[in-house]
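In this chain, numbering begins with 1 at the start of the sequence shown. Fair warning: this is a prediction, and the values are worked out from it, not measured in the lab.
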Amino acid sequence: MKILNVVITGATGGIGQSLVATFIEAGFHVIATDIAAQPADLPCNHYIQADLNRVVEDQAAMQDLIASIRAALKGQGLTAIINNAAVQHLGATEDLQRSHWQQTLSVNLTAPFLLTQALLPELEAAQGCVINIGSIHARLTKRRFVAYATSKAALAGLTRALAVDLGGRVRVNAIEPAAIETPMLKAGFANKPELYQQLADCHPQGRIGQPEEVAQLALALAGPQMRFINGSTIGLDGGISARLFDPD
């Protein structure tokens with residue numbers, strides 16, 4: 001029986017936990033990683049605690065992470081890498097710290113590239129794919145999101161460039177969600193129900209997206225029925241990217 005292996009970064013966040021649960025339920029062997037310790041209720045097969053910012057900066061840390069992933073794979077191929085881990089430092093251009101800028105690019109952009117590069121043999125062996133979790137901020141953004149929006153725009157560019165450069169050996173796609181109802185989002189709107197509703201109403205769909213919707217789209221992209229989708233950035237945004245906010 002063929003083993004379907006998936007590596008999921010940022011596994012303890014709202015979207016990450018949904019990704020892990022969805023792929024486990026679909027029969028995948030899930031190798032999860034995050035900077036935080038493993039939550040007791042995260043149902044993965046293997047958990048690797050790793051700081052992707054350090055992995056980018058320190059070759060030894062990168063080698064340790066790849067060795068741990070390969071040990072969990074046990075010589076099997078890799079069906080998918082889901083680059084979900086991200087940091088979001090908000091700040092006006094004049095206030096943004098150099099360290100926050102660099103960390104954002106390291107975790108959100110460089111780590112996905114380095115993981116793909118290092119695990120290319122395992123991906124090719126399984127005719128696998130890379131799924132980058134981007135953001136609507138790659139195309140449409142707002143004030144104080146300079147670092148985050150730049151990193152996600154670059155991740156979209158990386159998605160297309162890798163798809164072309166790998167020439168079909170490994171498919172590379174990205175999912176670009178708008179507002180998703182994660183614990184982080186809900187915490188940001190604590191005691192502000194009217195603002196939360198305003199955010200929901202901005203989406204023509206009339207609601208916030210659910211983490212499970214991101215996970216189900218990722219599962220579809222990882223499957224054999226979607227092999228012609230390559231180099232694509234797929235909006236999961238409730239129609240908000242189609243909406244013009246001029247006064248009526």
Side-chain angles (χ1 to χ4, degrees), residues 6-26 28 30 32 79-88 104 107-109 112 116 128-142 145 148-160 162-163 171-189 196-245:
V6 60
V7 171
I8 300 173
T9 71
T12 69
I15 292 175
Q17 292 199 35
S18 286
L19 285 165
V20 170
T22 296
F23 276 78
I24 282 284
E25 186 177 349
F28 278 74
V30 175
T79 309
I81 298 175
I82 305 179
N83 291 306
N84 171 63
V87 296
Q88 186 182 89
T104 301
V107 175
N108 299 5
L109 177 65
T116 301
C129 68
V130 176
I131 302 169
N132 296 319
I133 306 301
S135 169
I136 193 170
H137 284 275
R139 294 172 289 125
L140 303 168
T141 193
K142 53 189 177 181
F145 278 79
Y148 183 75
T150 299
S151 72
K152 292 300 187 179
L155 186 63
L158 177 65
T159 297
R160 292 187 291 270
L162 282 174
R171 293 184 299 119
V172 187
N173 293 295
I175 299 171
E176 296 184 340
I180 301 296
E181 192 178 72
T182 61
M184 182 183 297
L185 181 74
K186 289 189 286 188
F189 286 90
Y196 187 85
Q197 188 58 49
Q198 286 179 22
L199 177 62
D201 291 342
C202 285
H203 299 75
Q205 195 74 4
R207 65 174 177 85
I208 305 297
Q210 296 299 309
E212 293 79 10
E213 293 175 298
V214 181
Q216 288 295 333
L217 179 53
L219 181 63
L221 288 172
Q225 297 86 359
M226 299 290 184
R227 296 199 60 82
F228 200 56
I229 300 179
N230 192 18
S232 295
T233 53
I234 302 171
L236 187 70
D237 60 19
I240 196 171
S241 63
R243 184 171 184 178
L244 187 62
F245 279 92

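Side chain of Ser18 to main chain of Ala215: no donor-acceptor pair is present (N/O by atom type, distance under 3.5 Å, no hydrogens or angles). Listed for the Thr182 side chain is a donor-acceptor partner under 3.5 Å among the backbone atoms of Leu185. Between the side chain of Lys142 and the main chain of His137, no donor-acceptor pair closer than 3.5 Å is present. Under a 3.5 Å cut-off, the side chain of Thr9 and the backbone N or O of Asn84 do form a donor-acceptor pair. Although no hydrogens or angles enter the test, the distance criterion places a donor-acceptor pair under 3.5 Å between the side chain of Asn173 and the main chain of Ser232. Side-chain atoms of Gln17 come within 3.5 Å of backbone atoms of Thr12 as a donor-acceptor pair (strictly under, hydrogens ignored). A distance-only check finds no donor-acceptor pair linking the side chain of Arg243 to the backbone of Pro204 [under 3.5 Å]. For Arg139 (side chain) and Ser241 (main-chain N/O), no donor-acceptor pair under 3.5 Å exists by modelled atom type. Using modelled atom types, no side-chain atom of Thr22 and backbone atom of Leu19 make a donor-acceptor pair closer than 3.5 Å.
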**Request:** Under the side chain to side chain contact (heavy atoms under 4.5 Å, CB included) rule, what do Thr233 and Arg160 come out as? Steps first, then yes or no, please.
**Result:** CA-CA 8 Å; Thr233 53; Arg160 292 187 291 270; 4.1 Å; yes
**Asn132/Asn83 under side chain to side chain contact (heavy atoms under 4.5 Å, CB included): CA gap, chis, key distance, verdict** = CA-CA 5 Å; Asn132 296 319; Asn83 291 306; 2.9 Å; yes
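Counting heavy atoms from C-beta on, the side chains of Ile136 and Glu176 never come closer than 4.5 Å.
Classification of the Tyr196-Phe189 ring pair by plane angle, with boundaries at 30° and 60°, yields perpendicular.
Ala179 and Ile208 get closest at one heavy-atom pair: O-CG2, 3.4 Å.
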